[in-house]
Every structure is written in C-alpha cells, then in structure tokens.
Amino acid sequence: QVHLVESGGGLVQPGGSLTLSCAASGDPFSTYNKGWFRQAPGKEREFVAMIDWRGVTTHYADSVRGRFTISVDNAKNTVYLQMNSLKPEDTADYYCASTRGWATARKDFNYWGQGTQVTVSS
C-alpha cells in the first residue's frame with residue numbers, strides 16, 4: 001500500500017499562485033508515475049497533470065497548460081503542483097495519485113490522497 005497526503009491548499013486571489021505538495025509513505029513510490037486531479041462541486045473529477053517517475057516527461061490538461069507545473073522529488077518521495085495565474089474556475093478539491101501506466105483516466109490510478117481544497121476568489 002502507498003499512503004498519499006496532500007497539503008498546500010487554501011484561499012488565493014485571481015492571478016495569484018499556490019504550490020501543492022503530496023508526500024508518500026508506505027510501499028516504494030519512486031518508480032510510479034504521478035498525477036494530479038481536481039473535482040469542483042457537482043462536477044466529475046478531472047485530470048490536471050502527470051509526470052513520469054524519472055521526472056522528465058509531463059502531460060497537462062488543456063485548461064492548465066502554461067499555468068501549472070508538475071514536478072517530483074524522489075529523494076523526498078514528494079510530488080508538487082505549482083499553480084500560477086489562478087482563475088476562479090480553478091476552484092476545486094485537488095487530489096494526487098499514482099499509476100504504473102501513462103493514461104489520464106481516473107480508473108487507471110491505483111493510489112489516491114484525501115484531497116486539499118483550493119479556492120480562487122476576490
């Protein structure tokens with residue numbers, strides 16, 4: 001089992017920035033690919049970003065490309081999501097997850113964190 005814990009969420013003004021962290025414990029995590037998803041009230045959980053286990057290849061949803069950056073520090077067993085130029089529509093609960101593959105569907109990710117809330121508002 002892999003246990004994931006997100007942190008770094010909060011309230012931020014439009015145009016501001018936040019960095020989310022996801023710390024892993026339990027089974028070895030370094031060789032899993034990592035991803036971030038988000039879910040707004042009343043909406044389906046959607047893919048945000050993912051990164052291969054070496055931290056070289058990334059993939060982003062069109063809605064966040066150019067604004068968000070995913071990175072991983074395997075020495076710390078931690079994955080990050082740097083969010084810049086935040087918009088009100090970015091408001092959601094954000095979840096980190098892990099997968100052995102390279103697909104963006106929720107069902108393809110085997111381990112999940114509990115989520116951290118991000119609110120973008122004036």
Side-chain angles (χ1 to χ4, degrees):
Q1 293 278 0
V2 174
H3 184 59
L4 306 175
V5 179
E6 300 97 334
S7 62
L11 176 65
V12 63
Q13 293 184 339
S17 299
L18 280 176
T19 299
L20 306 182
S21 299
C22 176
S25 62
D27 290 345
F29 185 63
S30 63
T31 59
Y32 284 72
N33 299 326
K34 290 87 176 176
W36 287 92
F37 288 72
R38 66 186 182 185
Q39 187 167 19
K43 299 188 68 177
E44 188 79 8
R45 188 172 301 183
E46 66 176 357
F47 169 78
V48 175
M50 68 186 304
I51 188 168
D52 80 288
W53 72 276
R54 295 186 182 274
V56 175
T57 304
T58 59
H59 178 59
Y60 297 93
D62 290 342
S63 59
V64 307
R65 187 176 295 110
R67 299 188 297 121
F68 291 11
T69 302
I70 187 172
S71 62
V72 63
D73 186 342
N74 282 325
K76 297 180 179 180
N77 288 325
T78 301
V79 60
Y80 304 93
L81 185 68
Q82 174 67 47
M83 305 184 294
N84 299 321
S85 302
L86 283 162
K87 306 174 181 179
E89 52 262 44
D90 295 317
T91 296
D93 291 331
Y94 283 73
Y95 301 85
C96 66
S98 63
T99 178
R100 290 292 191 184
W102 194 248
T104 60
R106 183 175 61 184
K107 65 180 178 62
D108 295 312
F109 287 75
N110 52 346
Y111 295 109
W112 293 84
Q114 83 293 336
T116 185
Q117 187 175 70
V118 173
T119 302
V120 184
S121 176
S122 298

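There is a path of hydrophobic side-chain contacts, each under 4.5 Å, that joins V120 to M83. Residue F68 is not grouped with residue M50 when hydrophobic side chains (ILVMFWY) are merged at heavy-atom distances under 4.5 angstrom, including chains of intermediate members. Cluster membership check: L20 shares its hydrophobic cluster with V48, using side-chain heavy-atom separations under 4.5 Å among Ile, Leu, Val, Met, Phe, Trp and Tyr. Residues Y80 and V118 fall into different hydrophobic clusters, defined by Ile, Leu, Val, Met, Phe, Trp and Tyr side chains chained together at heavy-atom separations under 4.5 Å. There is a path of hydrophobic side-chain contacts, each under 4.5 Å, that joins V64 to W36.
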Candidate pair S25 and N77, rule side-chain contact (heavy atoms from CB on, under 4.5 Å), full reasoning: CA-CA 8 Å; S25 62; N77 288 325; over 6 Å; no
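Put simply, CG on N74 and CZ on R54 are 9.5 Å apart, with the number rounded to the nearest 0.5 Å. To the nearest 0.5 angstrom, S122 atom OG is 9.5 Å from L11 atom CG.
The ring pair (Phe, Tyr, Trp, His ring centres under 6.0 Å) check on F37 picks up F47, F109, W112, with sequence neighbours excluded. In terms of the ring pair (Phe, Tyr, Trp, His ring centres under 6.0 Å) criterion, Y60 has no residue partners (sequence neighbours excluded). With sequence neighbours excluded, the residues that form a side chain to side chain contact (heavy atoms under 4.5 Å, CB included) with W53 are T31, N33, K34.
With E6 contributing its side chain and Q114 its backbone, the two residues share a donor-acceptor pair below 3.5 Å. A donor-acceptor contact shorter than 3.5 Å links the side chain of T99 to the backbone of D108.
Annotation for Y111 and L4: closest pair O-CD1, 3.7 Å, computed over non-hydrogen atoms. S85 approaches S17 most closely through the heavy-atom pair N-OG, 4.4 Å. Nearest heavy atom pair, residue A40 against residue A92, reads N-CB, 3.8 Å. Contact detail for S71 and V79: the closest heavy-atom pair is O-CG2, 3.2 Å. The heavy-atom pair separating L18 from G8 by the smallest distance is CD2-O, 3.9 Å.
Defined by atom type and a distance below 3.5 Å, a donor-acceptor pair is present between the side-chain atoms of T19 and Q82.
Using a cut-off of 4.0 Å between Lys/Arg side-chain N and Asp/Glu carboxylate O, R65 and D62 are scored as salt-bridged.
The shortest distance between side-chain heavy atoms of S63 and R38 falls below 4.5 Å. No side-chain heavy atom of T116 sits less than 4.5 Å from a side-chain heavy atom of S7.
Cation-pi geometry between R100 and Y32 is met: the NZ or CZ atom falls under 6.0 Å from the ring centre, inside 45° of the normal.
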